[in-house]
Amino acid sequence: MNPDKAYYITTPIYYVNGRPHIGAALTTTCCDVLARFHRMRGRRSWFLTGTDEQAPKVVEAAQKAQIPVQQFVDTLAGEFQATWRRLHIAFDDFIRTTEPRHVEVVQEVFRRLRDRGDIYKGLYQGWYCVADETYFRDSDVGEDHLCPNPECRRPLERKSEECYFFRLSAYGDRLRQYIEANPEFLQPDFRRNEVIRFIESGLRDMNITRVNDGWGIPVPDDPDNVIYVWFDAVINYLAATGWPHAPDWENLWPADVHLVGKEIYVRFHATLWPAMLMGLDLPLPRTVYAHGFWVDAEGKKAGKRTGGIPHPIELAQEISDLSGAPFEMAADALRYLMLREMVFHGDTEYARESFLGRYNTDLANDLGNLCNRAVNMVTRYFDGVVPTPTRAEEEIVQLARETAQEYETALGEFRFNAALEAVWRLIGRMNRYIEEKTPWKQAKEGDREELAVTLYTCLEAVRVAATLLAPVMPAASGALWRQIGLPTTVDTVRWEEATTWGLLSPGTTVPAPQPLFPRILDAVKPDEKKRVSESKKVETTDQEKSRKEEGTPPAATGEQSAEAPVITIDEFMKVQLRVANVTAAEPVPNASKLLKLTVEVGEETRTILAGIAEMYQPEELVGKQVVVVANLAPRKMRGVESQGMLLAADVEGQAIIVQPETRVPSGSRVR
RNA sequence: GGCGGGGUAGCUCAGUGGUCAGUAGCGAACGGCUCAUAAUCGUUAGGUCGUGGGUUCGAAUCCCACCCCCGCUACCA
């Protein structure tokens, strides 16, 4: 193995269509923690993050904001970097897909794969959704030519064009073999199974270019086309190493970890990207790990109150405001809280009360107060000078050593919460230790020798805890070290300091004790006005191709009013709405949402399919009057032709049918 | 419907055949202590381990069926 090979870890590159959100903050913080951890252990580590700026959606967002595209992406890329800095994220490199170094490598990859026949030109016909950046086959698109994604439903563009395909279909077998031979490659385990099943279902060649409309990376020797966003995006991991010309690119590649959210895992990071690398004859990343999302309590038991999920900086600011802690400490608190609350492999409910509550219990009460009471007693009983212990408390020394081991193991398995729990077991033990030793009695009884042992042990334990926590809370660890009189900083700290007992020198002077994490006094009561009335699931990861949000930066959390275009009365009158009587209704086989209705529209009998099975029983519909679109082109679904469309109100995804206020003749025109 | 994940103490979860299900965290109750940020420590909370079968000397843990929840996906024209 290359002895100069760095520990290379990446986040996905984030879309610059809005500000960073807490999901991106989670991914990025996790990477930062791992990078810091490995650095602390003496291995060179290299942490890459960046922004994805080549997408058509970016152009859209810029236009909407009425800002030149380049300026738009510059601003947002700057905002990402600023956000990460404020959250103490020490990335080593920040790649932007508009940078020449990225563009050149994308084109080089394209050339190489084309030369070996893995990229070929073909004809693509289909519907394209700009918002989702996805093509749909004819069979997926209805007569209205709206995006089939139920949460998008924007108008599609018809595209019939020559474009390039990546021969993904050729890599299924090799991928499977590789995945099965390398259990570390895809994690967690159950995700690996999903990938294998996805591959078994048959990989299709992927269309990877589109017509050049002035934004995007031109196809080499064919500048009328630009490279499609996914193909482009994943290459950033390689581009940042300097491949293929930089002499030391192999000191970075292959990546040790690609950490991504689960939504971009199966199709892109676990299949497309590895297949591309195979085509380039490059080694695959050692591990690709998918984590889950934050979700809110929507759909859970009624009465559970939660708000929306705020932006990370705002959340840190709120913690700072409520507690009185400086922003840097609050930012570290947020880092801790995210990692401690997250069940990393799965989805986790975000609850404001839970975050703030844990701030108090874990950080203020357990850790902060432990440090405070220890330092306070040193000040009170030893004039602020670290006493000389006559012996070591073997049990505590042993526990500290075990804690470090557990922490190390857990981080190696991406179990951030378990790593932190281990540290808190040490902290909890120390609070108990103080109760057992009752140093205030030792002081009163003049047992200076035992008192020295007790307090020194406490300070040492705080030192070890601070060291273990340094990757997670770099600023807070610094504050803890300062509080016990040490000059240690996150830049100089080494892992061995966590596994070596007794590094704090007796005679050291400690500063006057101060609460590091001041308690939040009214955390229990949710702050009503702060609560953003919100809905649904708040996604949280990385580069969400499926993101529904508009590309505007502000924290506007309201519903996306899909600003309908104004139409004329003539246009409206093209739509023939008529009252119909439902004469029969039955479920459609193999469809959970569809009902097949037989309706009479005047003299005419029609079959209409409606997606209302979740709200209505067939029998309760018979005899009802409904409103249908009578002149809609027929469309087959589940093998049944629907001759019209039933009108229904969309209430959070549930369909409520529209009826005349009193009974009217069947066939009556509605307008 | 297909594929995947899950249903364990009030809440969040550990726990993949065997001392009576967890030393778990939060919340709650009671008690102790006073160095400390109304902090901390102790005790308590007696939960049909979703339901019904089966395998086994023995299952929360294996098998089958069913119910419910979540994710991806197909179907709401």
Side-chain angles (χ1 to χ4, degrees), chain A residues 140-146 148 150 188 190-191 193-194 197-198 200-201 262-263 265-267 292-293 295 299-301 304 323-324 340-341 343 345-349 351 353-354 357-358 360-366 368-381 417-418 421 424-425 428 430-443 451 454-455 458 513-521 524 537 546 588-595 608-615 628-629 632-646 648 650 653-655:
Chain A
D140 294 333
V141 176
E143 297 299 326
D144 56 6
H145 304 157
L146 295 181
F190 68 92
R191 297 276 174 218
N193 295 336
E194 283 182 14
R197 229 157 274 114
F198 176 67
E200 282 171 346
S201 76
K262 64 179 185 176
E263 85 287 9
Y265 186 70
V266 175
R267 280 157 199 274
F293 296 156
V295 298
K300 296 240 170 181
K301 278 168 191 162
K304 226 346 184 215
S323 67
R340 180 63 185 72
E341 286 276 290
V343 180
H345 60 272
D347 288 352
T348 304
E349 182 181 320
E353 289 92 339
S354 181
R358 190 180 285 284
N360 269 355
T361 57
D362 290 6
L363 295 176
N365 298 353
D366 293 344
N369 186 53
L370 169 65
C371 177
N372 192 243
R373 65 198 300 206
V375 172
N376 201 287
M377 286 189 277
V378 170
T379 302
R380 181 184 290 229
Y381 304 136
N417 51 355
E421 278 171 36
W424 256 258
R425 271 196 295 281
M430 293 317 296
N431 276 319
R432 240 173 297 130
Y433 173 79
I434 293 177
E435 297 297 322
E436 287 165 12
K437 304 300 277 190
T438 54
W440 48 93
K441 276 186 193 157
Q442 293 172 335
L451 181 62
T454 303
L455 295 185
C458 290
Q514 285 182 336
L516 265 34
F517 292 104
R519 219 178 129 75
I520 297 172
L521 295 178
V524 188
K537 156 168 312 114
S546 57
V588 177
N590 298 326
S592 55
K593 297 186 186 173
L594 284 179
L595 287 184
I608 287 182
L609 297 184
I612 55 175
E614 287 177 337
M615 284 299 282
V628 301
V629 182
L632 192 62
R635 169 155 161 82
K636 266 193 175 182
M637 283 175 286
R638 292 281 162 206
V640 181
E641 185 176 83
S642 178
Q643 302 156 328
M645 180 169 109
L646 179 142
D650 183 342
Q654 301 294 338

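Just so it is clear, the model here is predicted, and its values are computed rather than measured. Letters go in sequence order (proteins before strands), and every chain restarts at 1.
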Novice: Determine whether a donor-acceptor pair (N or O, by modelled atom type, separation under 3.5 Å) exists between the side chain of Asn360(A) and the backbone of Arg519(A).
Specialist: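 Judged by distance alone, no pair lies under 3.5 Å.
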
Novice: To the nearest 0.5 angstrom, please state how far the OG1 atom of Thr438(A) sits from the CG atom of Leu451(A).
Specialist: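 Thr438(A) atom OG1 to Leu451(A) atom CG measures 10.0 Å (nearest 0.5 Å).
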
Novice: Kindly compute the distance separating CG (Asn365(A)) from CG (Leu370(A)), expressed to the nearest 0.5 Å.
Specialist: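 Asn365(A) CG to Leu370(A) CG: 11.5 Å, rounded to 0.5 Å.
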
Novice: What distance, rounded to whole Å, do you find between the two P atoms, one in C41(B) and one in U19(B)?
Specialist: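 It comes out at 31 Å once rounded to the nearest Å.
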
Novice: With both distances kept under 3.5 Å, what pairs with U16(B), Watson-Crick or G-U wobble?
Specialist: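 Partner of U16(B): none.
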
Novice: Taking the P atom of each, how far is A59(B) from C67(B), in whole Å?
Specialist: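 Looking at atom P only, A59(B) and C67(B) are 26 Å apart.
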
Novice: Is there a Watson-Crick or G-U wobble partner for C26(B) with both distances under 3.5 Å, and which nucleotide is it?
Specialist: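 Checking every strand shown, C26(B) finds its partner in G10(B), with both distances under 3.5 Å.
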
Novice: Just to be sure I understand the rule, does Arg519(A) reach a base, reach only the sugar-phosphate, or reach nothing, if contact means heavy atoms closer than 4.0 Å?
Specialist: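 The residue Arg519(A) makes base contact.
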
Novice: Measuring from the side chain of Ala610(A) (C-beta onward, heavy atoms only), which nucleotide among U37(B), C35(B), A77(B) has the closest atom?
Specialist: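 For Ala610(A), the side-chain atoms sit closest to A77(B).
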
Novice: When the C1' atoms of U56(B) and G31(B) are considered, how many whole Å apart are they?
Specialist: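 Nearest-Å result for U56(B) against G31(B) at atom C1': 47 Å.
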
Novice: From Asn431(A) CG over to Trp424(A) CH2, what is the distance, rounded to the nearest 0.5 angstrom?
Specialist: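 So the gap between those two atoms works out to 11.5 Å.
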
Novice: Name the closest nucleotide to the Met377(A) side chain, picking from C41(B), U37(B), C35(B).
Specialist: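 Closest nucleotide to the Met377(A) side chain: C35(B).
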
Novice: Between Asn365(A) and Phe517(A), name the one whose nearest nucleotide on RNA chain B is closer to the 5' end.
Specialist: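 It is Phe517(A), whose closest nucleotide lies nearer the 5' terminus.
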
Novice: Under 3.5 Å between N/O atoms: give me all the protein pairs with nucleotides 31-33 of chain B, atom names plus distance.
Specialist:
{"residue": "G32(B)", "atom": "N2", "partner": "Glu435(A)", "partner atom": "OE1", "Å": "3.3"}

Novice: Please name all residues satisfying side-chain hydrogen bond (donor to acceptor under 3.5 Å, both in side chains) with Asp362(A), sequence neighbours left out, ordered by chain then number.
Specialist: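 For Asp362(A) the side-chain hydrogen bond (donor to acceptor under 3.5 Å, both in side chains) partners, ignoring immediate neighbours, are Tyr336(A), Arg358(A).
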
Novice: Nucleotides 5-8 of chain B: which of its N/O atoms have a protein N/O under 3.5 Å away?
Specialist:
none

Novice: Looking only at atom P, what distance separates U51(B) and U61(B), rounded to whole Å?
Specialist: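 The answer is 11 Å between these two P atoms.
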
Novice: Of all the choices, C41(B), C26(B), G25(B), which nucleotide is nearest to the side chain of Thr361(A) once you look at every atom?
Specialist: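 Among the listed nucleotides, the one closest to the side chain of Thr361(A) is C26(B).
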
Novice: Between U48(B) and U40(B), how far apart are the two C1' atoms, rounded to whole Å?
Specialist: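 After rounding to an integer number of Å, I get 38 Å for this pair.
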
Novice: Measuring from Asn372(A):CG to Gln514(A):CD, what's the distance to the nearest 0.5 Å?
Specialist: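 So the gap between those two atoms works out to 9.0 Å.
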
Novice: Could you work out the separation of G71(B) and A28(B) based on their C1' atoms and round it to a whole Å?
Specialist: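 34 Å, rounded to whole Å.
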
Novice: Mind checking who U51(B) pairs with, Watson-Crick or G-U wobble, both distances under 3.5 Å?
Specialist: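 Partner of U51(B): A65(B).
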
Novice: With both distances under 3.5 angstrom, what nucleotide forms a Watson-Crick or G-U wobble pair with G1(B)?
Specialist: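 Checking every strand shown, G1(B) finds its partner in U73(B), with both distances under 3.5 Å.
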
Novice: Report the nucleotide, chosen from G25(B), U37(B), U40(B), that has the shortest atom-to-atom distance to any side-chain atom of Asn431(A).
Specialist: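 When the side chain of Asn431(A) is considered, U40(B) is the closest of G25(B), U37(B), U40(B).
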
Novice: For atom C1', what is the distance between U16(B) and A21(B), given to the nearest Å?
Specialist: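 My reading of the C1' atoms in U16(B) and A21(B) gives 14 Å.
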
Novice: What's the gap between U12(B) and G22(B) when it is taken at their C1' atoms, as a whole Å value?
Specialist: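 Straight-line distance between the two C1' atoms is 14 Å.
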
Novice: Write down the atom of Pro513(A), the atom of Thr379(A), and the distance for their closest heavy-atom approach.
Specialist: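 Nearest heavy atoms, Pro513(A) then Thr379(A): CD-OG1, 3.8 Å.
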
Novice: Could you give the distance from OG1 (Thr454(A)) to CD1 (Ile434(A)), rounded to the nearest 0.5 Å?
Specialist: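 Answer for the OG1-CD1 pair, Thr454(A) versus Ile434(A), is 9.0 Å.
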
Novice: Indicate, with a heavy-atom threshold strictly under 4.0 Å, whether Leu455(A) touches base, sugar-phosphate, or nothing.
Specialist: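 Answer is nothing: Leu455(A) stays at 4.0 Å or more from every strand.
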
Novice: Of Pro439(A) and Asp366(A), whose closest RNA chain B nucleotide lies nearer the 5' terminus?
Specialist: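 The answer here is Pro439(A).
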
Novice: Between Arg432(A) and G42(B), is there a side-chain N or O to OP1/OP2 distance below 4.0 Å?
Specialist: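 Looking at the OP1 and OP2 atoms of G42(B), one of them is under 4.0 Å from a side-chain N or O of Arg432(A).
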
